[in-house]
Number of protein chains: 2
Amino acid sequence: MRRKRIRNWENRLREEGYKITSPRKTILSVFEQLGGHPNAREVFNDLSLRSPDIGLTTIYRTLELCVRLGILKKYDFGDGHSRYEIANEKTDHHHHIICEKCSKVIEYRDFLDEETMLIKKIQNKLERKYHFKIKQHALDFYGLCKECIDEKQGSE
Amino acid sequence: MRRKRIRNWENRLREEGYKITSPRKTILSVFEQLGGHPNAREVFNDLSLRSPDIGLTTIYRTLELCVRLGILKKYDFGDGHSRYEIANEKTDHHHHIICEKCSKVIEYRDFLDEETMLIKKIQNKLERKYHFKIKQHALDFYGLCKECIDEKQGSE
DNA sequence: ATGATAATGAAAACCATTTTCATTTAAAGG
DNA sequence: CCTTTAAATGAAAATGGTTTTCATTATCAT
Ligand SMILES: [Mn+2]
Ligand SMILES: [Mn+2]
Ligand SMILES: [Zn+2]
Ligand SMILES: [Zn+2]
């Protein structure tokens with residue numbers, strides 16, 4: 001009964017007529033194992049020992065393909081690198097708290113009920129008022145993480 | 001009594017020891033007159049007739065300087081160009097609705113009361129839970145604008 | 001296995017932004 | 001005004017993330 005959707009991204013690729021290649025398996029394994037929000041180069045570095053034969057180009061291509069197919073989500077947290085994370089089921093919607101100093105990212109998914117409902121309400125209001133079809137939203141908080149606050153204290 | 005803070009950005013520059021130069025005046029005038037969220041090249045193009053002698057480099061430098069001094073706000077809406085808008089008084093906090101197809105941006109500032117309060121509440125919760133000092137937030141909605149929805153219909 | 005076609009990697013191109021550096025300009029003091 | 005001097009400017013080059021090109025390789029339906 002268990003393990004049913006292990007590597008369901010393989011099916012996604014097949015559905016769309018893409019091939020299941022060795023580089024793609026390797027690159028996706030990074031996301032399955034490490035988690036987090038790595039950028040292209042971080043994936044590349046992570047693979048440099050295990051699979052030094054995979055080019056950075058292929059990593060970029062695979063990441064973009066996976067975003068297009070909904071296998072990965074792409075974020076821009078403002079540090080000049082696109083970042084990616086694996087997209088799980090419907091249940092995994094979450095928001096981010098980003099440190100403006102060191103770029104650390106914390107996820108939070110324990111929304112208050114009122115939070116979820118209010119976002120829906122706002123979304124409906126906006127769709128009607130501005131004739132937009134809203135597909136997604138991002139509620140991100142920016143500030144300083146504990147470490148960066150402490151650092152700042154020390155240096156004053 | 002009126003016109004008191006016209007060009008209060010000049011004072012901001014002076015306060016910090018920067019010079020009031022002709023390129024800076026011209027670049028800021030674009031924001032005062034046009035509004036919107038132009039990127040560096042759009043400012044450059046807008047000035048190309050009026051002031052063809054201002055280099056793109058200077059525009060980049062002026063925009064970044066103004067962001068540092070709080071005269072402009074900088075946004076990244078995910079289309080690969082940093083965008084800027086003039087920062088007015090406290091009262092002008094607003095959120096954005098962005099078309100993923102044509103990059104059109106709509107601002108909305110008519111927040112529901114519950115909206116404002118809830119954001120504060122969430123922020124407090126997150127600060128305590130994750131030991132962050134939160135400085136700002138962004139609640140952005142992404143989707144398709146009316147024109148891009150219609151276009152899509154037409155081509156099917 | 002074979003062949004058609006998609007995927008890959010290296011290198012070059014792209015493109016927004018930043019840096020360098022020689023020249024010009026703002027503004028303070030005379 | 002005139003001089004002085006550090007800051008600001010513009011052109012060109014550099015940077016750095018990402019994309020494109022193209023010759024080679026690998027996948028997978030047959
Ligand atoms: Mn995340
Ligand atoms: Mn705005
Ligand atoms: Zn930090
Ligand atoms: Zn649109």
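To find a chain, count down the sequence lines: A is the first, B the second, and so on, and within it residues start at 1.
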**Study point:** Residues which pass salt bridge (charged side-chain N to carboxylate O under 4.0 Å, His left out) with Lys125(A), listed by chain and number, not counting sequence neighbours
**Key:** none

Collect all protein-nucleotide pairs involving nucleotides 13-15 of chain C in which both atoms are nitrogen or oxygen and the distance is under 3.5 Å.
none

Point to revise | Pairing residues for Arg68(A) by the salt bridge (charged side-chain N to carboxylate O under 4.0 Å, His left out) criterion, not counting sequence neighbours | key: none

Review point. Which residues, if any, of residues 36-64 of chain B bring a heavy atom under 4.0 Å of DNA chain D?
Key: Asp53(B), Ile54(B), Gly55(B), Thr57(B), Thr58(B), Arg61(B)

Atom pairs under 3.5 Å, N or O on each side, protein against nucleotides 26-28 of chain D: can you list them with distances?
residue, atom, partner, partner atom, Å
dT27(D), O2, Lys19(A), NZ, 2.8
dC28(D), OP1, Ile20(A), N, 2.8

Point to revise | Gap between atoms NZ and C1', on Lys74(B) and dT17(C) respectively (whole Å) | key: 9 Å

Revision key, fill the gap. Of Leu65(A) and Tyr84(B), the one whose nearest nucleotide on DNA chain C sits closer to the 5' end is Leu65(A)

Check your understanding: Who are the salt bridge (charged side-chain N to carboxylate O under 4.0 Å, His left out) partners of Lys120(A), not counting sequence neighbours?
Key -> none

Review point. NA contact type, Gly80(A), heavy-atom cut-off 4.0 Å: base, sugar-phosphate, or nothing?
Key: sugar-phosphate

Practice item. Please name all residues satisfying ring pair (Phe, Tyr, Trp, His ring centres under 6.0 Å) with Tyr18(B), sequence neighbours left out, ordered by chain then number. Key: none

Sequence neighbours left out, cut at 3.5 Å: what donor-acceptor pairs do the side chains of residues 52-60 of chain A make with other protein atoms?
none

Practice item. Name all residues meeting the side-chain contact (heavy atoms from CB on, under 4.5 Å) criterion together with Ile106(A); count only those two or more places apart in sequence or in a different chain, and write none if there are none. Key: Ile97(A), Tyr130(B), Phe132(B)

Review point. Starting at CD of Glu16(B) and ending at P of dA7(D), how long is that distance when rounded to a whole Å?
Key: 14 Å

**Study point:** By salt bridge (charged side-chain N to carboxylate O under 4.0 Å, His left out) - contacts of Arg50(A) (at least two apart)
**Key:** Asp46(A)

Exercise for review: With sequence neighbours excluded, tell me which residues meet side-chain contact (heavy atoms from CB on, under 4.5 Å) with Asn45(B).
Suggested key: Arg41(B)

Practice item. For Tyr75(B), enumerate each residue passing the ring pair (Phe, Tyr, Trp, His ring centres under 6.0 Å) test, keeping only those at least two apart in sequence or located in another chain. Key: Phe77(B), His96(B)

Point to revise | Gap between atoms CG and C1', on Asp79(A) and dT17(C) respectively (whole Å) | key: 15 Å

Exercise for review: Assign the ring pair His137(A) / Phe141(B) to parallel, tilted or perpendicular, where the plane angle (0 to 90°) is split at 30° and 60°.
Suggested key: tilted

Practice item. Could you tell me whether Glu10(B) and Lys25(B) have a side-chain N and a carboxylate O separated by less than 4.0 Å? Key: no

